[in-house]
There are 2 protein chains.
Amino acid sequence: MNTDNSIKLINLIRQEANNFLLKELKKIGLENIAPSHGDIFFVLFKNNELTMTEIANKINRDRSTVTTLVRKLMKLGYLDEKENPEDRRSSIIFLTKKGQGLKDDFDRISKKLYQMEYQGIKEEEKELFLKLLNKIYSNFK
Amino acid sequence: MNTDNSIKLINLIRQEANNFLLKELKKIGLENIAPSHGDIFFVLFKNNELTMTEIANKINRDRSTVTTLVRKLMKLGYLDEKENPEDRRSSIIFLTKKGQGLKDDFDRISKKLYQMEYQGIKEEEKELFLKLLNKIYSNFK
DNA sequence: ATATAATACTTGGATATCAAATTAAATATT
DNA sequence: AATATTTAATTTGATATCCAAGTATTATAT
């Protein structure tokens, strides 16, 4: 066999993980939301303040995409922006109180996701799996 | 550590694999094409004739999505349809000569993709990797 | 000091995608 | 046989996404 179905499986796993996350986000009141919105929360929990371009780089999306994603989260009251004193072309995006309030939920959901993912998989298998994912990713870059 | 970045890596690998495929498809004259279009070719190489619903199930897309994807490939001359004698609601989709002509290219590209993916990875590692992908997928379903 | 280039972001246009509604045909129920 | 339900496909409407083009600001080069 020259080929296998690993890429197909990767696509399927991604879909299932996304569906899981969307369902969990819905439970905490985040509706009509894409996984990319979730990614934005994650990078802001970690970094507090970021420009549009920084967010785009961290979540691997086009800047114009991030514009619309962030605008939506602003409209919903989870994010806000302020002037960047160092560069008037850009503004700084940050979490509002309402946005910060979701951190515990996100941590919990994230934990649940990985518990589900690795159910019945031994620690050393998991480590090899991660090693191989990293290797494969670098093979493609 | 409760969590890792495996899902993120899976997303990144998927993106890179998609980009690779889009680039390769462009080389053989298939432009403005999505990976899902490629998936349709693959299932038709394997099955010759399929209804819209059958294609949708095999490529894991909504039927309305498949409608537009197939219409596009028809307009480009790669696919055609004929009446389904068993059910007048549905029609049967099949590859034209032009579409069939892409089979060798697809096989070559597919081979190239997996060679790139598994570069520097031992056979037994690859097998465990596939086992784990299957396990993880079933964990999510 | 001024022109040019680079950067940050937005806008506009296109497509993939899905969900919900619609239409038509096949199947099941009464 | 008449009606109801299910199914196949499409249409409609919405959003995520990208790319290309545009605007404004900052950095660099002449």
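Here is how names work: the chains are called A, B, and so on, in the same order as the sequence lines, proteins then strands, and each is numbered from 1.
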Per nearest nucleotide of DNA chain D, the residue lying toward the 5' end, A:Leu69 or B:Asp87, is B:Asp87
Comparing A:Thr68 with A:Gln15, nearest DNA chain C nucleotide closer to 5' gives the residue A:Thr68
Does B:Thr65 reach a base, just sugar-phosphate, or nothing at all? Heavy atoms under 4.0 Å. base
How many whole angstroms separate atom [atom1] of [X] from atom [atom2] of [N]?
{"X": "A:Leu22", "N": "C:dT17", "atom1": "CG", "atom2": "C1'", "result": "13 Å"}
{"X": "A:Met52", "N": "D:dT23", "atom1": "CE", "atom2": "P", "result": "20 Å"}
{"X": "A:Glu86", "N": "C:dA8", "atom1": "CD", "atom2": "P", "result": "12 Å"}
{"X": "B:Asn18", "N": "D:dC18", "atom1": "CG", "atom2": "P", "result": "11 Å"}
{"X": "A:Asn32", "N": "D:dA14", "atom1": "CG", "atom2": "P", "result": "12 Å"}
{"X": "A:Asp62", "N": "D:dA21", "atom1": "CG", "atom2": "C1'", "result": "13 Å"}
{"X": "A:Asn19", "N": "C:dC18", "atom1": "CG", "atom2": "P", "result": "10 Å"}
{"X": "A:Glu54", "N": "C:dT7", "atom1": "CD", "atom2": "P", "result": "15 Å"}

So, is [X] near the phosphate of [N], with a side-chain N or O under 4.0 Å from OP1 or OP2?
{"X": "B:Arg63", "N": "D:dA8", "result": "yes"}
{"X": "B:Arg89", "N": "D:dT7", "result": "no"}
{"X": "A:Arg88", "N": "D:dA24", "result": "no"}
{"X": "B:Thr67", "N": "D:dA9", "result": "no"}
{"X": "B:Ser91", "N": "D:dA8", "result": "no"}
{"X": "B:Arg61", "N": "C:dC18", "result": "yes"}
{"X": "A:His37", "N": "D:dA16", "result": "yes"}

Over 60° means perpendicular and under 30° means parallel, so tell me whether [X] and [Y] are parallel, tilted or perpendicular.
{"X": "B:Phe41", "Y": "B:Phe106", "answer": "tilted"}
{"X": "A:Tyr118", "Y": "A:Tyr114", "answer": "parallel"}
{"X": "A:Phe20", "Y": "B:Phe140", "answer": "tilted"}

Taken to the nearest 0.5 Å, the spacing of B:Lys72 NZ from B:Tyr78 OH works out to 10.5 Å
Under 3.5 Å, is there an N or O donor on one side and an acceptor on the other linking the side chain of B:Ser64 and the base of D:dA9?
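There is none.
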Q.
Within the structure provided, determine whether A:Leu95 and A:Leu102 are in side-chain contact (heavy-atom separation under 4.5 Å).
A. no
Review point. Considering only heavy atoms from C-beta outward, does the side chain of B:Leu30 approach that of B:Leu22 to under 4.5 Å?
Key: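 Heavy-atom side-chain distance check fails, nothing below 4.5 Å.
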Inset, instruction - Using a strict 4.0 Å threshold on nitrogen-to-oxygen distance, state whether B:Lys135 and A:Glu125 make a salt bridge. - result: no
Exercise: do A:Ser91 and A:Asn84 side chains pair donor with acceptor under 3.5 Å: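 No, no side-chain donor-acceptor pair sits under 3.5 Å.
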message: What's the closest nucleotide to the side chain of B:Ser90 if the choices are D:dA16, C:dA26, D:dA9?
response: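 Of D:dA16, C:dA26, D:dA9, D:dA9 is nearest to the side chain of B:Ser90.
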key: Nearest to side-chain heavy atoms of A:Lys72, which nucleotide of C:dA26, D:dT15, C:dA16   =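 Given the options C:dA26, D:dT15, C:dA16, the side chain of A:Lys72 is closest to D:dT15.
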Under a 4.0 Å heavy-atom cutoff, the residues of residues 74-85 of chain A touching DNA chain D are none
